Amino acid sequence: MYYAYKYRLKPSGTHREELDRHRDICRQLYNHTLYRLNEYQENHGELPSMTTLRSELPDLKKWWDGLSDVYSKVLQTVVERLFDNLKGLSKLKENGYGVGHLKWKPPREFRSFTYSQSGFKLDKKGGQTVLSLSKLADIPIRLHRAIPDDATLKQVTVKKEPTGEWFATFGVEMDREPPAPPENPEKCVGIDVGILKYAHDTDGTAVGSLDLSDERERLEREQRKLSRKQHGSANYEKQRRRVAECHANLKRKRRDFLHKLSNYYVREYDLVAVEDLNVKGMMESPPNSRNTASAAWRTFLTLLEYKCDREGTHFVAVNPRGTTKECAACGVSTEKPLWVREHSCPACGFEADRDANAAWNILSRGLEDVGVGYSESTSSESQGDSDGLRKSLRDFRTPVETALPVDTPVSAKRVLEAGSPILKDRTASAVSE
Ligand SMILES: [Zn+2]
């Protein structure tokens, strides 16, 4: 299994200069190789092989001053990556997709380079952990969480963010197989992820998107200031950094939140059922709309899936069709406009919050898809399947978590400090945009 671990680097002024110099040499090599590839393709009607391309590197070094300053594997990765990208593009073209050409990269767009297999290691120097990069420098690194002892470091990518900060992302391989998900999961949950607003699960937990309005306001303020600066001036550059910092801050908070949320579900449950957002997105959102909330939930599901894989939790993405209309207790479908927030079944009388009902449907579809028994958390004797789930729902009769305060805003700060445990607190579980 492969994992990625990302850390902040703490380069000195000299380190920064060196990092930027290496980055720029890689960029030039990228542009040069792109030029060579286009030329070759025009003359031969096809791309050269990877071997041909790689074999040109030693010759290049003969006349290219500075190219040998960069670790050779790093250069190879630049070439390989470009080659892979082009291959991918031409495959798309073969399949009839109208795709553009790869473009020459200006400095701002070429932000990272990669040490693969060798030339890098984590080390201790003067009581400090450093990332030792061959032909470059020993750069202090903040290892805020440990890489597991049994992990093999396969590669490291160093990247400069638009804020000017440098990060190192390790590609790590672990020998151990991830634990197999339990055959009879005891703790199961269905999560109804609203494409526009919030998520709601079968345990009555409601989660909103994070309240980032303060952060957004600040970003807009800084952007307005930027628009008043003269393009290209020193002040403009300073302000551009400030804007980039705001962007990075927003992104960090959002990701942090999604990490905490996905950790919570993986830690608490044996089986997690969600809707297949690819299908749901096509059904519900207008074409080509880029909705940040839906993008965030997509990220959430991606994180959730890979963490489930890693920890041995069942992850099921079910067909979302009709999950809101269907009654979780008896299966009868009723039309339900968006503004109807409660589910009240005309056939069996089951009443629940609209989203809780949907979440129950998602869970029962998930149980069906996985084909495992549903046991009511503690007693493993009362095992059933999704029918069993329906029966136990019917026994509720009384509304299941109907009146959840889903619109009580909770500040970003509180969520981040308190972490996921507040999600357990059913009365104050709402986090709203
Ligand atoms: Zn019903």
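All values derive from a computational prediction rather than experimental measurement. Both backbone and side-chain heavy atoms feed into the values below; hydrogens, waters and symmetry mates do not. One-based numbering, in listed order, for ligands and for the atoms of each.
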Under a 4.0 Å N-O cut-off, is there an ion pair linking Arg111 with Glu161? no

Looking at side-chain heavy atoms only, is the closest gap between Thr323 and Arg365 below 4.5 Å? yes

Is the shortest heavy-atom distance from the side chain of Val158 to the side chain of Leu133 under 4.5 Å? yes

Under 4.0 Å between a Lys/Arg side-chain N and an Asp/Glu carboxylate O for Glu222 and Arg218? yes

Excluding water, the protein N, O or S atoms sitting under 2.8 Å from the Zn ion (ligand 1) are Cys327 SG, Cys330 SG, Cys345 SG, Cys348 SG

Is the closest basic N to carboxylate O distance between Asp84 and Arg81 below 4.0 Å? no

Contacts of Phe110 that satisfy ring pair (Phe, Tyr, Trp, His ring centres under 6.0 Å) - sequence neighbours left out: Tyr30

